[in-house]
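First up is the structure itself, then whatever we jot down about it.
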Amino acid sequence: MLYYRWITKEKIMDKYDIAFSYASEQRKIIKKYEKKLKELGLKVFIDVEHPELFVFNHVPDILKKIYDDSETVMLIFLSKDYAKKDFTK
C-alpha cells in the first residue's frame, strides 16, 4: 500500500532541541548519539527519520528551516566524507 501524507508548514517547523548534520558514512555513530540524547528527553532531528519532509519539498529549504531555528542546537559531525558532500558547500 502506498501512503501519501501532506506535509504542512507546521510539521516542517516542528521544534527540535538538537539537529544533526553529518555524512551518511557516519550514520552508525550518529544513531548512538541520537539514542542517548533521546533517553535524556531531547527532541532530535535526523533527516533519515523524516523522509516525509523531503517528498514534495526542496531538501535544502527544509534543512535551512530546521537548522536556522535559534532554539535548535546544530551538531555537525565533521569528517573527510562530510567535506566531500555537495550539501556542505
Side-chain angles (χ1 to χ4, degrees):
M1 172 189 264
L2 191 55
Y3 174 72
Y4 288 99
R5 180 173 161 221
W6 290 103
I7 306 305
T8 65
K9 183 178 178 182
E10 290 75 29
K11 176 62 182 169
I12 294 169
M13 296 307 293
D14 274 356
K15 298 292 183 187
Y16 297 94
D17 299 308
I18 296 174
F20 288 105
S21 181
Y22 61 96
S24 57
E25 292 82 357
Q26 278 70 52
R27 187 166 289 130
K28 193 173 184 178
I29 192 167
I30 297 302
K31 296 300 285 178
K32 291 178 184 180
Y33 281 96
E34 175 200 21
K35 181 181 177 190
K36 291 292 185 184
L37 292 167
K38 284 185 173 181
E39 287 173 1
L40 294 172
L42 297 170
K43 189 169 181 185
V44 180
F45 176 82
I46 294 184
D47 58 351
V48 296
E49 291 191 359
H50 300 282
E52 74 278 6
L53 292 178
F54 306 105
V55 174
F56 298 111
N57 299 290
H58 188 242
V59 174
D61 292 340
I62 300 302
L63 293 176
K64 182 173 177 22
K65 288 177 183 175
I66 293 166
Y67 295 151
D68 281 355
D69 185 335
S70 63
E71 296 176 12
T72 301
V73 173
M74 185 175 172
L75 293 179
I76 303 171
F77 286 77
L78 299 176
S79 66
K80 290 179 184 178
D81 296 313
Y82 189 90
K84 295 176 187 175
K85 301 293 181 178
D86 286 337
F87 69 86
T88 63
K89 297 180 178 34

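Atom set for the values below is all heavy atoms of this structure, side chains included, hydrogens, waters and symmetry mates excluded.
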Taking atom types as modelled, is there a side-chain donor on Asp81 or Tyr22 under 3.5 Å from an acceptor on the other?
no
Distance-only donor-acceptor check, side chains Ser21 and Tyr82, under 3.5 Å
yes
Taking Thr72 for the side chain and Tyr16 for the main chain, is one N or O donor matched with an acceptor at less than 3.5 Å?
yes
Looking at Lys28 and Glu34, does any basic side-chain N land under 4.0 Å from a carboxylate oxygen?
no
Heavy atoms, side chains only, cut-off 4.5 Å: are [X] and [Y] in contact?
{"X": "Arg27", "Y": "Val48", "value": "yes"}
{"X": "Val73", "Y": "Asp17", "value": "no"}
{"X": "Glu25", "Y": "Lys84", "value": "no"}

Rounded to the nearest 0.5 angstrom, the CG-CG distance for Leu42 and Leu37 is 5.5 Å
Looking at every non-hydrogen atom in both residues, tell me the closest pair between Lys31 and Glu49 and how far apart they are.
NZ-OE2, 2.6 Å
Please check if atom NZ in Lys38 has more than 12 non-hydrogen atoms from other residues, nucleotides or ligands closer than 6.0 Å.
yes
If you count every heavy atom of other residues, nucleotides or ligands that lies below 6.0 Å from Ile29 atom CD1, does the total exceed 12?
no
Would you kindly confirm whether Val44 and Ile76 end up in one hydrophobic cluster when ILVMFWY residues are joined by side chain heavy atoms under 4.5 Å apart?
no
Joint cluster assignment, Leu75 & Phe45, ILVMFWY side-chain distance < 4.5 Å
no
State yes or no: are the ring centers of Phe20 and Phe77 separated by less than 6.0 Å?
yes
